[in-house]
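Scroll down for the structure; my scribbles are underneath it.
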Amino acid sequence: MKYWLIKSEPDVYSWSDFVNEGGTVWSGVRNYQARNNLRVMAKGDKALFYHSNIGKEIVGIAEITREAYPDPTSDSEQWVCVEVKPLAPLPTPVTLESIKSEPRLANIGLLKQSRLSVVAVTKAEFDRIQKMGS
DNA sequence: GCCAACGTTGGC
DNA sequence: GCCAACGTTGGC
């Protein structure tokens, strides 16, 4: 199983929107690196759900429910989307600040490639954040 | 609102 | 193929 972190601006699409809908199509990604990440996602992979700009914290855990297929919001064949559903909220959201101050998370993709909206995390990083958020 | 980081575009 | 200009993201 692989682990990911996906970003959303909560004033556009928040964790509570996600929970209310029971899942969503993760479309609109127009960055090659993020696209490549979407392509290698497998059903059952888990993803940390991060609120960018507002909140700047990881608020929950999502699961990939459908693997990459052509993004219906794009005319081009090159872009893909996946489908995800909410798995569980983090009882205590893990803030960017607390991630930065945790030495074991110093190499997390969120910090290393801060502009990438779909980024891989290691199992250790995933477990660490889940623990910090419990 | 500003700006750093970084990706993309287009002229040469 | 290089690089300057420009656009976007996201933290502050």
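Chain A is the first sequence line, chain B the second, and so forth, proteins listed ahead of strands; every chain is numbered from 1.
Listed nucleotides C:dC12, B:dT8, B:dG7 differ in distance to A:K56; the shortest reach to its side chain belongs to C:dC12. Candidate nucleotides B:dG7, C:dG10, B:dT8 were compared by shortest atom distance to the side chain of A:Q33, and B:dG7 ranks first.
Comment: A:R35 does not engage A:D71 in a salt bridge, judged by the lack of any side-chain N to carboxylate O separation of less than 4.0 angstrom. Of the charged side-chain nitrogens involved, at least one lies within less than 4.0 Å of a carboxylate oxygen, so that A:D127 and A:K123 count as a salt-bridged pair.
Rounded to whole angstrom, the span from the NZ atom of A:K112 across to the P atom of B:dC6 amounts to 11 Å. Following rounding to the nearest Å, A:L111 (CG) and C:dG10 (C1') show an atom-to-atom distance of 13 Å. Look at CG on A:N36: it is 14 Å from C1' on B:dG7, rounded to the nearest Å. For the pair A:N31 CG and B:dA5 P, the interatomic distance rounds to 18 Å; values are reported in whole Å. A:I6 has its CD1 atom 13 Å from the P atom of C:dG10, to the nearest Å. Regarding A:I108, its CD1 atom lies at a distance of 15 Å from the P atom of C:dG10, rounded to whole Å. The distance between atom NE2 of A:H51 and atom P of C:dC12, rounded to the nearest whole Å, is 17 Å. Distance OH (A:Y32) to C1' (C:dG7): 15 Å, rounded to an integer number of Å.
At most 12 non-hydrogen atoms from other residues, nucleotides or ligands lie less than 6.0 angstrom from NZ of A:K85.
Scanning both residues, A:N37 and A:A120, for their nearest heavy atoms gives ND2-N, 4.3 Å.
Taking the six-membered ring for Trp and thresholds of 30 and 60 degrees, A:Y13 and A:F49 have ring planes inclined between 30 and 60 degrees apart.
Remark: A:Y50 is in phosphate contact with C:dG11, judged by side-chain N or O atoms under 4.0 Å from OP1 or OP2. Contact between the side-chain N/O atoms of A:K7 and the OP1/OP2 oxygens of C:dT8 is not found at any separation under 4.0 Å.
Under a hydrophobic clustering in which Ile, Leu, Val, Met, Phe, Trp and Tyr are joined whenever their side-chain heavy atoms come within less than 4.5 Å, directly or via other members, A:V121 and A:W4 fall into different clusters.
The side-chain tip of A:R128 does not point at the ring of A:F126 from less than 6.0 angstrom away and within 45° of straight on.
If you check residues 113-122 of chain A against DNA chain C, the residues with a heavy atom closer than 4.0 Å are A:S114, A:R115, listed by number.
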